[in-house]
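Down below is the structure, laid out as structure tokens.
What you see is a predicted model; the values in this text were computed from it and never measured.
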Number of protein chains: 2
Amino acid sequence: MASKLSFEEKYDVIVRRDTTYAGIFFVAVKTTGIFCRPGCTARTPKSKNVLFYDTSHEAIINGYRPCKICKPLEELGATPDYIQKILDELEAHPYRRLKDWDLRQRGIEPSQIRRWFKKNHNMTFQAYQRLYRINGAFTKISNGESITHTAYDIGFESISGFNDSFKSTFDHAPSQEKGKTVIQLIRFTTPIGPMFAGATSTGVCLTEFTDRPMLETEFKDLKKRLNAVILPGENKHLVQLQQELAEYFEGKRKVFTVPLHTPGSAFSQSVWQLLRTIPFGATRTYKEQAEKLGKPKGVRAVGRANGLNKIAIVIPCHRVLGSNGELVGYGGGKGRKKWLLDHERMHAMST
Amino acid sequence: MASKLSFEEKYDVIVRRDTTYAGIFFVAVKTTGIFCRPGCTARTPKSKNVLFYDTSHEAIINGYRPCKICKPLEELGATPDYIQKILDELEAHPYRRLKDWDLRQRGIEPSQIRRWFKKNHNMTFQAYQRLYRINGAFTKISNGESITHTAYDIGFESISGFNDSFKSTFDHAPSQEKGKTVIQLIRFTTPIGPMFAGATSTGVCLTEFTDRPMLETEFKDLKKRLNAVILPGENKHLVQLQQELAEYFEGKRKVFTVPLHTPGSAFSQSVWQLLRTIPFGATRTYKEQAEKLGKPKGVRAVGRANGLNKIAIVIPCHRVLGSNGELVGYGGGKGRKKWLLDHERMHAMST
DNA sequence: AAATCCATGTTCAGTTTTCGGTGGCGATAC
DNA sequence: GTATCGCCACCGAAAACTGAACATGGATTT
């Protein structure tokens, strides 16, 4: 049974500014009448002045107003308006190249948008744009258009610049491009933090919280296993995934039907397959999992394979606990594991 | 000018058992012919029976003998011999695990050493020992030694045991490099009380009297700012620091050259930098400091930044007074502030 | 002699740490 | 390419430690 956080534990989360608990509870400060998310950068309140709520609604009906720094009412990690506008523009005109000068024209400090991208996508805005364009180029090339034509088409100012850029993304020159797969990558938000999702044309191959430490390793692993490159962009699987996840977070969806693409060893595959059989709202122990696989001694191995799962939530590795009922580890942080389990328990009854 | 304590104030120090005045004056009890340090745990004498002396020497020549509880002639806060021996052994043979049984072999009651460590290091001896070894392990692993060998080198007899232990102090498995730094921490004595000193590989980041109330907060702050773990151990900066402090207390050193590591806001940094320019033996007022920083209205801010200084003595926040010449506050206690200023005034002339 | 105030040693139930046993995986060395 | 090594989001039992409680005793003061 997932244990509830004590007051002290919650307060410690506040003191440490631990963002992994954002969305899991809210902290209200009696002296100011303001409530924040854990991780808010405002001055740390004294423990005697704080109250905790599980939902923002509770905080509000108790008379607190949302903090202006951490904006606990806006969707966590939500994209600010001015950046949303730029992204819309980019989507509408994929080949337009927005330089710093263009950003200033639109009243945006380039450094501001750069910082936001650094933080949320771990790349600069210019790098994001480049990748975005390259993604379009890939499609065109796949469709058989000539390379030079494509290059000019998408706004590179010289062929050599295009080649360099393409090379750095695909690891070899455009003319050799044939066998590489593309993993489309998107970023979206959930009540417990922003996530990345990636999909090939076969299916979804990744969903992870953006702050998962192993993320880079997972990218590397996917690129290697699928002989692929990762580029920003959407495809139909990602559309479906977002829809299903949204329903999941509303408590309405208990089974995911989006196709998956999960390269890995046979053993890993079997572990992941087994994970998918754990129903919404239920939990198992590592030991039970090992036994079901016919390897009662392979508990550690199961744990390891669990950790190797790259499709958080959809492949519900969060539903596996230590044999004494403890949460043990979770790539997205134990706070999220607990939140997910509570969420599922709460909605398990309905429908 | 720093004011002298009145009889009532001194007696109050005795009643409160305020250790921050230990080493600064002595209390003699007329009815028993015994003299103690402030903070002695023996029964409190009545005020009519006490006399105060500035030095132990004066008490002795007036016919008083040292108390057997607080031992005013022995080094203040010194590690007892029988414990020092154990610590030496630990340093010489880090792989040798001293169990309670081993301690008894050496004629030491485990509960006794446990109590001493609880009191002076805020952890049990076993915990201290473990952290000390884990610290060594971290160094070895950082130096590229294999995790398996390291585990055995530092006295574990199973990898899993080592892993568990490592994880509980670092929050992640040994191989997972997460950029954590280690702050080495030592305890040592001075004429006016025991101190802790901490240092990263960059430089000294903390020197404080062990009874400073804010100590835990300072630890927490350092851990957060440097993404660090604080572990018992030494490094070259700490060796140098101890040497320089010893010279300082002898009145021979007026300038510290040991490298510092002082994370903090730009403003704090500037305040601390300015503090270091106040010469040995001199004093300034908060107001002067604020003016020198070009912020004549920022007196309070300067005071605050002074208080945030974690490197007592080396960064001489004790050399700043209120504009009327009063001592105002000091993290280590006003008694120590006055002692330090007197000490510096006395030795300012020489050499 | 009585009162105060701790430090010490013992005990013991309740926790924590440690250890061996695990199977699989990725990197490395042939 | 294939053997080996190093590492691990585990488990269960045994060993070792902890903290709290208590009696005892020493030192100091009244």
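- H172(B) and F166(B) have perpendicular rings, their planes meeting at more than 60° on a 0 to 90° scale where under 30° would count as parallel.
- Distance K68(B) NZ to dG26(D) P: 11 Å, rounded to the nearest Å.
- Residues L341(A) and T283(A) come closest through the heavy atom pair CD2-CG2, 3.8 Å.
- Ring centroids of F26(B) and Y64(B) are separated by 6.0 Å or more, keeping the two rings apart.
- Nucleotide dC25(C): paired with dG6(D) (Watson-Crick or G-U wobble, both distances less than 3.5 Å).
- Comparing D221(A) and G155(B) along DNA chain C, the residue whose closest nucleotide (by nearest heavy atom) sits nearer the 5' end is G155(B).
- For L308(A), whose side chain is taken as the heavy atoms from C-beta onward, the closest listed nucleotide among dG26(C), dT4(C), dC19(C) is dG26(C).
- Across every non-hydrogen atom of A305(A) and F267(A), the tightest pair is CB-CE2, 4.2 Å.
- In this structure, Q112(B) does not reach the dA7(C) phosphate: none of its side-chain N or O atoms is under 4.0 Å from OP1 or OP2.
- Tested against F25(B) for a ring-ring contact (aromatic ring centres under 6.0 Å, His included), the candidates Y11(B), F52(B), F7(B), Y53(B) yield a single pass: F52(B).
- Of the candidate nucleotides dG24(C), dC19(C), dG19(D), dG24(C) has the atom lying nearest to any side-chain atom of F267(A).
- With respect to D342(A) and K338(A), a salt bridge is recorded, a charged nitrogen being found less than 4.0 Å from a carboxylate O.
- Which of dA27(D), dC17(D), dG24(C) sits closest to the side chain of Q126(B) comes down to dC17(D).
- Within the shown strands, dC30(C) is the pairing partner of dG1(D) under the Watson-Crick or G-U definition, both distances less than 3.5 Å.
- Considering all non-hydrogen atoms of both residues, I69(B) and A42(B) come closest at CD1-CB, 3.8 Å.
- Between dT29(D) and T32(B), a contact under 4.0 Å exists linking OP1 or OP2 to a side-chain N or O.
- One atom, CZ of R104(B), and another, C1' of dC17(D), lie 11 Å apart when rounded to the nearest Å.
- The CE atom of M123(B) sits 17 Å away from the P atom of dC17(D) (whole-angstrom rounding).
- The side chain to side chain donor-acceptor pair (under 3.5 Å) analysis of residues 35-46 of chain B, with sequence neighbours excluded, yields the pairs R17(B)-T44(B).
- Both T44(B) and F162(B) lie near DNA chain C, and the one whose nearest nucleotide falls closer to the 5' end is T44(B).
- Atom OH in Y11(B) sits about 11 Å away from atom P in dT29(D), given to the nearest Å.
- The phosphate of dG19(D) (OP1 or OP2) has a side-chain N or O of K118(B) nearer than 4.0 angstrom.
- Under 4.0 angstrom from either OP1 or OP2 of dC19(C) there lies at least one side-chain N or O belonging to R97(B).
- Distance from the side chain of K119(B) is smallest for dA7(C) among the nucleotides dC19(C), dA7(C), dA27(D).
- In this model, no side-chain donor or acceptor of R43(B) finds a partner on the base of dT4(C) within 3.5 Å.
- Counting any heavy atom pair closer than 4.0 Å across all strands shown, R225(A) reaches sugar-phosphate atoms only and no base atom.
- Atom-to-atom, CD of E326(A) to P of dT17(C) comes out at 12 Å; the value is rounded to the nearest Å.
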Between L103(B) and R114(B), is a side-chain contact (heavy atoms from CB on, under 4.5 Å) present by the stated rule, with each step listed?
CA-CA 11 Å; L103(B) 296 173; R114(B) 181 156 65 238; over 6 Å; no

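- The terminal axes of the helix from dA1(C)-dT30(D) to dG21(C)-dC10(D), fitted over 5 pairs per end, subtend an angle of 40° to the nearest 10°.
- Across all strands shown, C40(B) has no heavy atoms under 4.0 Å from either base or sugar-phosphate atoms.
- When heavy atoms are screened at a 4.0 angstrom cut-off, K224(A) is found touching the sugar-phosphate backbone but no base atom.
- F156(B) comes within 4.0 angstrom of the backbone, heavy atoms only, and of no base.
- Taking each heavy atom of F138(B) and K180(B) in turn, the nearest pair found is CZ-O, 3.5 Å.
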In 5'-to-3' order, the base (B), backbone-only (S) or no-contact (-) status of each nucleotide in nucleotides 1-8 of chain D, using a 4.0 angstrom heavy-atom cut-off, is -----SSB

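- Using a 4.0 Å heavy-atom cutoff across all strands shown, A305(A) reaches no nucleic acid atom at all.
- A 6.0 Å sphere centred on NE2 of H93(B) holds more than 12 heavy atoms belonging to other residues, nucleotides or ligands.
- Checking the phosphate oxygens (OP1, OP2) of dG21(C), no side-chain nitrogen or oxygen of S160(B) falls inside 4.0 Å.
- Across all non-hydrogen atoms, the minimal contact from R96(B) to L90(B) is O-CD1, 4.4 Å.
- The nucleotide whose nearest atom lies closest to any side-chain atom of T124(B) is, among dC6(C), dT18(D), dG12(D), dT18(D).
- Partners of T207(A) under the side chain to side chain donor-acceptor pair (under 3.5 Å) rule, at least two apart in sequence or in another chain, do not exist in this structure.
- More than 12 heavy atoms of other residues, nucleotides or ligands shown are found within 6.0 angstrom of NZ on K30(B).
- Atom CD in E157(B) sits roughly 14 Å away from atom C1' in dA14(D) (whole-Å rounding).
- Of the residues in residues 268-299 of chain A, S268(A), K295(A), K297(A), G298(A) come within less than 4.0 Å of DNA chain C through at least one heavy atom, sorted by number.
- At most 12 heavy atoms of other shown residues, nucleotides or ligands fall within 6.0 angstrom of atom CD in E91(B).
- Taking the six-membered ring for Trp and the full ring otherwise, Y248(A) and H343(A) have centroids separated by under 6.0 Å.
- The environment of D88(B) atom CG is dense: over 12 non-hydrogen atoms of other residues, nucleotides or ligands sit within 6.0 angstrom.
- Taking side-chain N and O atoms only, T31(B) has no distance below 4.0 Å to OP1 or OP2 of dT29(D).
- Atom P of nucleotide dA9(D) and atom CZ of R336(A) are separated by 18 Å, given to the nearest angstrom.
- Looking at heavy-atom distances under 4.0 Å, V29(B) makes contact with sugar-phosphate atoms alone, never a base.
- Whole-Å rounding puts the Q105(B) CD to dA16(D) C1' distance at 16 Å.
- Not one side-chain nitrogen or oxygen of R115(B) sits closer than 4.0 Å to the OP1 or OP2 atom of dT10(C).
- Take the nearest nucleotide of DNA chain D for V320(A) and for F125(B): the residue whose nucleotide is more 5' is V320(A).
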What N/O pairs connect the protein and nucleotides 11-16 of chain C at under 3.5 Å? Give each pair on its own line.
none

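- For the pair T41(B) and dC6(C), the criterion of a side-chain N or O lying under 4.0 Å from OP1 or OP2 is not met.
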